[in-house]
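Some notes on the structure that comes next.
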Amino acid sequence: MALINKKEVASILEEIGTLLELKGENPFKTRAYFNAARTISGLTGDLQQLVESGEIGKVKGIGKALAEKITTLVTTGELAYYEELKAEFPPTIFELMNIPGLGPKKIKKLYETLGISSLIELEYACNENRLVDLEGFGAKSQENILQGIEARKKYSEKFHLPVAEHAATTMIEHIRKAKGIKRSDIAGSLRRKKEIIGDIDILVSAAQNDTPAIMKKFVSAPEVERVIAGGKTKSSVILKSGINVDLRVVADKEFPFALHYFTGSKEHNVRMRTIAKDHNLKLNEYGLFHESNNKPVACKDEKDILKKLGLVYIEPELREDFGEIEAAEKNNLPGLIEEKDLRGTFHCHTTYSDGANTLKEMADAAMQRKWQYLGIADHSKSAQYARGLSKADLKKQRKEINSLNEQFDSFQIFHGIESDILADGSLDYDDKTLGELDFVVASVHSRFKMSEAEMTRRIINAIKNKNTTILGHPTGRLLLSRDGYQVDLVKIIEAAADYGKAIEINSHPYRLDLDWRMVKFAKEKGVKIFINPDAHNTEGLDDVRFGVGIARKGWLEKEDVINAMEVDRVIKYLGLL
DNA sequence: GCCGTTTTCGGCCCGACTGTTTTCAGTCG
């Protein structure tokens, strides 16, 4: 049996889509491949099984041709069609897709007329002035391409949430000083609380004659490094931090439509427009119109728009075409958890291991946040790099926690550990030691390079351990720098469901692990979730808000999250009564 | 390429901006 997973199939389908674009194929055909790639990577079922049973052809968006290709890929690990397509272009040509302003048509032109197929070659050609006389190009586009290459060298194209959030709030506060702004909001992936952010979309409503001054305010903000586009309704800049920010100014009556449109996701919007068409309406960023006579349907906010389309309101975090539209049609959407629902949090570090603040300081910070409890889980003895705790340290820490708990009126510290999952899946203390703790977070911190099968077995072993309460950061990924270890998350989640164990959403903005796509699957399997900050200092406690965003993207309600429970219920859940 | 209780053929979301053009193609979201 060939070993090819969903991720690999999806990436091949996506590559085929790009190659077809380069060839100038029918755009709807290329879109079919991109859609299929998305569908496959979002599947929670076993791909091998779907292929073997032939069910793959019944998945929406996968017809006869794609089903055959996917089947070939999964069973043989190869696909002649893909190999033939790949052979038509040098592999480095994909680099060019990342330069702003260059799309498939222009790349094709560059390749066929100038033989350019890599970033190096492109940069060289620009410096030789060879794009100036090329049909469809010119001095200006050559200059823009050069700047695009520079920007790529200088910046990675995506940003962690705190960086994007800071840039967005700074910018929107700056713009709000302009005269005549009626409504303003951040849209795009930041509003949807995506785990990483590509660019920032800001939306403003104002009267037409106030617009030029607002645009001017925007492009002259102190953080702006370069203005990319400056139109009447849309401007685009790059900040010194490298983040791209777009500003749209619309009339106030258009604001809800524009907010909906620019919040996306793209896939969600495509579905919404199709639904509008089903109602003989046309939806765009300016309004909702009757197809027959172009008359507008007035809507005061987003909720109103959705109502007109026969849907209940869909929270921005859910707008990923991940089942939210079907659920909205049936009025079956979850009542999403909010940050204010949290009653405490777990998985926090102190000066006992590699944290910066003492037990007392962490507890005080938790109380300041009006929480009822805090779960301390310092590193375990195997984590020597992080001053992991010996059994004696654990005893000492227990004593201090008991003494602090006696002083508190209505606050409680839970004593736990973040115990390393060793290579064979065992935890790094004996059962007696672990059994005396209030809770155990089991995490992988070493031996990342195991095969998927081995790693999956290892983690399931840890889940089976009677002392394990929570599986910590299930994939170990570091966003924008390190992929997670190879692991079959579907099997992990099913094991957690079978053994009644919880999984954390590690809320550190570099982790956000469990991924929201899998959070939804975990919920469907009945697995309980902890929203944990993995805090190494008192400010780190605030990271739970990123975790709440991910929880919301994963359709979680208050009842799904243990640390949204009152302290009595948590005590019962942890079996401490 | 996919899809269909109006359809197995003819649709497939829609508009702004740029840079090239001299009325528009390509890119982007």
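In what follows, chains are A, B, ... by sequence order, proteins preceding strands, each numbered from 1. Any value given below was found using the heavy atoms of this structure, including those in side chains, with hydrogens, waters and symmetry copies removed.
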Should we say atom CG of A:Asp133 is surrounded by more than 12 heavy atoms from elsewhere, each under 6.0 Å from it?
-> no
Could you measure between the two C1' atoms, the one in B:dT7 and the one in B:dC12, and give it in whole Å?
-> 14 Å
Please give, in whole Å, the distance from B:dC14 C1' to A:Arg271 CZ?
-> 17 Å
Using atom CG of A:Asn284 as one end and atom P of B:dG15 as the other, report the distance to the nearest whole Å.
-> 5 Å
Want to settle it: does A:Asn244 or A:Asn26 sit nearer the 5' end of DNA chain B, counting the closest nucleotide to each?
-> A:Asn26
Proximal nucleotide (of B:dG29, B:dG1, B:dG15) relative to the A:Asp201 side chain | B:dG29
Expressed in whole Å, how much space separates the C1' atoms belonging to B:dC3 and B:dT8?
-> 10 Å
Which of these, A:Leu20, A:Leu19, A:Thr18, sits in a side chain to side chain contact (heavy atoms under 4.5 Å, CB included) with A:Thr30?
-> A:Leu20
Within a reach of under 6.0 Å around NZ of A:Lys308, are more than 12 heavy atoms found that belong to other residues, nucleotides or ligands?
-> yes
Nucleotide B:dT5, atom P - distance to CG of A:Asp278 in whole Å | 11 Å
Comparing A:Ser141 and A:Gly103 on DNA chain B - which has the more 5′ nearest nucleotide | A:Ser141
Donor/acceptor link under 3.5 angstrom from A:Tyr261 side chain onto base of B:dG29 | yes
Distance between P atoms of B:dT20 and B:dT27 (Å, rounded) | 13 Å
Is A:Lys69 close enough and on-axis enough to A:Tyr82, meaning under 6.0 Å and within 45°, for cation-pi?
-> no
Against the side chain of A:Ala229, the closest entry in B:dT18, B:dT27, B:dG1 is B:dT18
How many Å lie between NZ on A:Lys277 and C1' on B:dG10, as a whole number?
-> 12 Å
Listed nucleotide nearest any side-chain atom of A:Pro100, set B:dT27, B:dC28, B:dC13 | B:dC28
Side-chain N,O (A:Lys266) to OP1/OP2 (B:dC28) below 4.0 Å = no
Is the shortest side-chain N/O distance from A:Asn35 to OP1 or OP2 of B:dC2 below 4.0 Å?
-> no
Are there more than 12 heavy atoms of other residues, nucleotides or ligands under 6.0 Å from atom NZ of A:Lys217?
-> yes
Nearest-Å distance for atom pair CG/P, residues A:Leu203 and B:dG29 | 17 Å
Between A:Glu121 and A:Ser118, is any side-chain donor less than 3.5 angstrom from a side-chain acceptor?
-> yes
Does A:Lys282 put a side-chain nitrogen or oxygen below 4.0 Å from OP1 or OP2 of B:dG15?
-> yes
Examine distances only and state if a side-chain atom of A:Asp543 and a backbone atom of A:Ser507 form a donor-acceptor pair shorter than 3.5 Å.
-> no
May I have the distance from A:Asn294 (atom CG) to B:dC14 (atom P), rounded to whole angstrom?
-> 12 Å
Select base, sugar-phosphate, or nothing to describe what A:Tyr33 touches, counting heavy atoms under 4.0 Å on all strands.
-> sugar-phosphate
Across all strands, who's sitting opposite B:dG26 as a Watson-Crick or G-U wobble pair, both distances under 3.5 Å?
-> B:dC17
If you measure from the C1' atom in B:dT18 to the same atom in B:dT22, how many Å do you get, rounded?
-> 16 Å
Using a cut-off of strictly less than 4.0 Å, decide whether A:Thr274 has a side-chain nitrogen or oxygen near OP1 or OP2 of B:dC12.
-> no
For A:Arg248 and B:dC17, give me the distance from atom CZ to atom C1', rounded to whole Å.
-> 9 Å
Taking the same atom, C1', in B:dT21 and in B:dC13, what whole-Å distance lies between them?
-> 27 Å
Glycosidic torsion of B:dT7 (syn if within 90° of 0, anti otherwise) classifies it as syn
To the side chain of A:Lys140, which of B:dG19, B:dC13, B:dC17 is closest?
-> B:dG19
Can you tell me how far C1' in B:dT6 sits from the matching atom in B:dG11, rounded to whole Å?
-> 14 Å
In whole Å, what is the span from the CD1 atom of A:Ile275 to the P atom of B:dC12?
-> 16 Å
